Chemist: 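Structure incoming, see below.
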Number of protein chains: 2
Amino acid sequence: MTSTRATLIQVAERAGVSLASTSRALHGTGASKAMVERVRAAAAELGYSADAIGRSLRLKKTSQIAFAVADIGNPVYVEIMRGIHEVLAPHGYRVVVMSTGDTATSTAELIHSLHGGFVDGMIVIPLRTDDELIEQIGQAPVPVVVIGRAMSDRGISSVSTDSAAGIGAAVRHVVSLGRRRIGFLNGPLDTTPGSSRQRGFDEAVSAKDFSAEGTDVEVAADFTVAAGIEAARKLLDRPHRPDAIVAANDLLAIGAVRAARERGLSVPRDVAVTGMDDTELGQVFLPRLTSVSLGSAERGRAAARLMLGLTEDADAPAQQISVGTELFVRESTVDQNGEDAE
Amino acid sequence: MTSTRATLIQVAERAGVSLASTSRALHGTGASKAMVERVRAAAAELGYSADAIGRSLRLKKTSQIAFAVADIGNPVYVEIMRGIHEVLAPHGYRVVVMSTGDTATSTAELIHSLHGGFVDGMIVIPLRTDDELIEQIGQAPVPVVVIGRAMSDRGISSVSTDSAAGIGAAVRHVVSLGRRRIGFLNGPLDTTPGSSRQRGFDEAVSAKDFSAEGTDVEVAADFTVAAGIEAARKLLDRPHRPDAIVAANDLLAIGAVRAARERGLSVPRDVAVTGMDDTELGQVFLPRLTSVSLGSAERGRAAARLMLGLTEDADAPAQQISVGTELFVRESTVDQNGEDAE
DNA sequence: GTGAAAGCGCTAACAA
DNA sequence: TTGTTAGCGCTTTCAC
């Protein structure tokens, strides 16, 4: 950790040519073969690497994109980040992680911090999307892509997924399995995911081909296993116990499985359980969770691609990408071979 | 996304004072109260925010720290990153995520990229630590903190954890439960975690107070559930089947539970299983996994603190922090109330 | 206490 | 093709 970095001026002196020629020979165009050769050699001898800051100042481009999220650590967000990184890294962009979690920073503050000019754009997953946020994004000095609700009608590029449709798929799946009473285990209704999933359930059970006998709804305090256990107990203790529980995410679904086991109920025999997000957690759970994938990595990739477009033309019209959902059927709804399903 | 950012010069003009005074009034010292007032007002009117790049160039400080890891997405790494972020963010540092995963970039290349000068330091978790890597780190133009093996004797600040001792704790735990035959389910031996955990197991079973009847060892192809199932099957199919399996991480432990269920064995009654890393995955698994915490978040925090020290004095002597391990006893070894333990 | 000016490392417009 | 020079936005000597 002792070596000092060489500057372009030093390379120029070493090569015995001008600063401009040196710059051109290394990055730009219009340098003779001999010049390139000469400068390259000098640069190599000095172990030269272009200074990112000097370059940024001149080019007005940081080659950095921020990824802002409430709680880095949430498996779904991590998966999204992976997708973002996968697309941006090959284009020379670095990903700066910003989190509202550990400091008392709000999403609005994160967006405001963009005025510092340390990134060329921001991909954000807001917990709630209200008018104030939309306003904030409109004021942002760099392109912002939102993952969550569709917002292109408000002039903001966004990536969404039809979680409502995903809930519908889960409901139809358990009904097709012959389940008669469907419980819906949702998270807080005042969140974006909570409200859209509720809508999905309501639509699914009011469809004319919905053939089950009845439904029950329980709202957990948040999207965690603990809250899921709590709420699932209530669901299972209803006079007419559900024989299927559609949960709004995998953590709630795991809570539902636990609550069922507490009561000596077998999953999926007595009660089928579905999750949402298709996390690794759910995939290795016992029983493996039937879950609706919202294409997390793909949402990240899509957002990153939108961002790449915006970095080229910040005033391009707002785009809107919807990533499809997919139901993965596993042991928590279908006893696949009887030996390890419960 | 249309607003343009004001520069310090504009603020100076607006306030009708010099550039120097403006800068001093906003950040520095030695400005009169009236001046501060005046400049603040002008800055507020223009919505001024200092440009991070111009500032960096002048101060030779980016306020960014890189976090480099093979595979962002690994839950353990995510937890570490959370710890890092938690410590660095309040100090005004941003965290830049670098991953060797999706591009063909090696750890060595990531370290080399530090010559670009876009961060003030790097926290890295190398997959393998050989002499070449140590050499590379010695050449790095900014402070580097390694999470993994202890390396302060090589002049590199590092954070480690005694996973060998952790395996020992797990072994003693199952023995204290009265288990007679202990199986060790390890991951690849040519990795840093694999080799130290093997050492831990060997030491534990050769201790003179080790009172079990026998041991078996199986090495999985990698640290995943699938590989764990595979290797655990072999362990369970031995002539003298183990009544306890100590796994080298939570994913392998989950594989062991699965393999046991396949054979109609009950966990923990027929076979007790322990994991390592104490991931959320293990905590919500069914049965909840007894696991040895290696203090992931704390390792991240410790590394971040070391880094903060190094940013103040890059030539300070290399420090070495060891984060303690802790055994969390849960349902996979102790049937806690009979109702939901398996 | 305040202002003028230099310069961090780089690229690009302009001149030769 | 090559060199000279200005300037990106900022902080900090240095004079006053």
Side-chain angles (χ1 to χ4, degrees), chain A residues 3-40 42-43 46-64 92 113-120 141-142, chain B residues 3-40 42-43 46-64 92 113-120 141-142:
Chain A
S3 78
T4 303
R5 304 172 41 222
T7 81
L8 196 60
I9 298 185
Q10 289 164 18
V11 177
E13 284 170 356
R14 179 96 175 196
V17 298
S18 80
L19 183 61
S21 296
T22 312
S23 176
R24 275 189 296 251
L26 291 176
H27 307 282
T29 175
S32 68
K33 220 167 169 179
M35 176 66 84
V36 171
E37 192 83 358
R38 196 169 172 176
V39 170
R40 284 259 170 82
L46 292 165
Y48 172 79
S49 263
D51 180 74
I53 303 299
R55 198 154 218 271
S56 291
L57 183 61
R58 180 64 229 239
L59 297 180
K60 299 200 148 299
K61 173 181 195 323
T62 63
S63 292
Q64 298 191 149
S113 76
L114 292 176
H115 286 275
F118 54 91
V119 288
D120 298 333
V142 293
Chain B
S3 79
T4 302
R5 303 173 40 222
T7 83
L8 195 60
I9 298 184
Q10 288 164 18
V11 178
E13 283 169 356
R14 180 96 175 198
V17 297
S18 80
L19 184 59
S21 297
T22 312
S23 176
R24 275 190 295 253
L26 291 177
H27 307 283
T29 174
S32 69
K33 217 164 168 179
M35 176 66 84
V36 171
E37 192 83 359
R38 195 168 173 179
V39 170
R40 284 259 172 81
L46 293 165
Y48 172 78
S49 262
D51 181 73
I53 303 298
R55 197 154 217 272
S56 292
L57 183 62
R58 180 65 228 239
L59 298 180
K60 300 199 148 297
K61 175 181 194 323
T62 62
S63 292
Q64 298 192 147
S113 76
L114 293 176
H115 286 275
F118 55 90
V119 287
D120 298 333
V142 293

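Owing to the predicted nature of the structure, the values given are computational and were not obtained by experimental measurement. Sequence lines set the chain letters: A, B, ... in the order given, protein chains first and strands last, and positions in each chain run from 1.
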Chemist: Any side-chain N or O of B:Lys61 below 4.0 angstrom from OP1/OP2 of C:dC8?
Modeler: no
Chemist: Once you round to the nearest 0.5 Å, how far does CZ of B:Arg5 lie from CG of A:Leu114?
Modeler: 9.5 Å
Chemist: Think B:Ser32 has a side-chain N or O under 4.0 angstrom from the OP1 or OP2 of C:dT2?
Modeler: yes
Chemist: Pick the nucleotide of DNA chain C nearest each of B:Ser21 and B:Gly54; which residue has the one closer to the 5' end?
Modeler: B:Ser21
Chemist: Output the rounded distance in Å from NZ (A:Lys33) to P (D:dT1).
Modeler: 13 Å
Chemist: Given that A:Ser23 and B:Gly30 both sit by DNA chain C, which one's nearest nucleotide is further toward the 5' end?
Modeler: B:Gly30
Chemist: Over how many whole Å does the gap from B:Leu19 atom CG to D:dT12 atom P extend?
Modeler: 12 Å
Chemist: In whole Å, what is the span from the CG atom of B:Leu57 to the C1' atom of C:dG9?
Modeler: 6 Å
Chemist: For A:Leu59, which contact category applies under a 4.0 Å heavy-atom criterion: base, sugar-phosphate, or nothing?
Modeler: sugar-phosphate
Chemist: Return the nearest nucleotide to the side chain of B:Asp51; candidates are C:dG9, C:dG3, D:dC10.
Modeler: D:dC10
Chemist: Starting at atom CG of B:Leu26, determine the distance to atom P of D:dG9, rounded to an integer number of angstrom.
Modeler: 16 Å
Chemist: May I have the distance from B:Arg55 (atom CZ) to C:dG7 (atom C1'), rounded to whole angstrom?
Modeler: 17 Å
Chemist: Please work out if B:Ile53 contacts a base, only the sugar-phosphate, or nothing of the nucleic acid, heavy-atom cut-off 4.0 Å.
Modeler: nothing
Chemist: Given D:dG9, D:dG3, D:dC10, which nucleotide is nearest the side-chain atoms of B:Tyr48?
Modeler: D:dC10
Chemist: Is there a side chain to side chain contact (heavy atoms under 4.5 Å, CB included) between A:Thr7 and A:Asp51 once you walk through the steps?
Modeler: CA-CA 8 Å; A:Thr7 81; A:Asp51 180 74; over 6 Å; no
Chemist: Distance check needed: C:dA5 C1' versus B:Ile9 CD1, whole Å only.
Modeler: 13 Å
Chemist: How close or far is atom C1' of C:dC8 from atom CZ of A:Arg5, stated in whole angstroms?
Modeler: 12 Å
Chemist: Using the side-chain heavy atoms of A:Ala50, tell me which of these nucleotides is nearest: D:dG9, D:dT5, C:dC10.
Modeler: C:dC10
Chemist: What's the spacing between A:Gln10 CD and A:Leu46 CG if we round to 0.5 Å?
Modeler: 6.5 Å
Chemist: Rounded to whole Å, how long is the line connecting atom CG of A:Leu8 with atom C1' of C:dG7?
Modeler: 16 Å
Chemist: Roughly how far, to the nearest 0.5 Å, is CG of A:Leu8 from CZ of A:Arg55?
Modeler: 10.0 Å
Chemist: A:Thr7 side chain: which of D:dT12, D:dC10, C:dC10 is closest?
Modeler: C:dC10
Chemist: Would you compute the distance between atom OG1 of B:Thr29 and atom CZ of B:Arg24 and round it to the nearest 0.5 angstrom?
Modeler: 9.5 Å
Chemist: Mapping B:His27 and A:Ala20 to their closest nucleotides on DNA chain D, which lands nearer the 5' end?
Modeler: A:Ala20
Chemist: Among D:dC8, C:dA13, D:dT2, find the nucleotide with the atom closest to the side chain of A:Met35.
Modeler: D:dT2
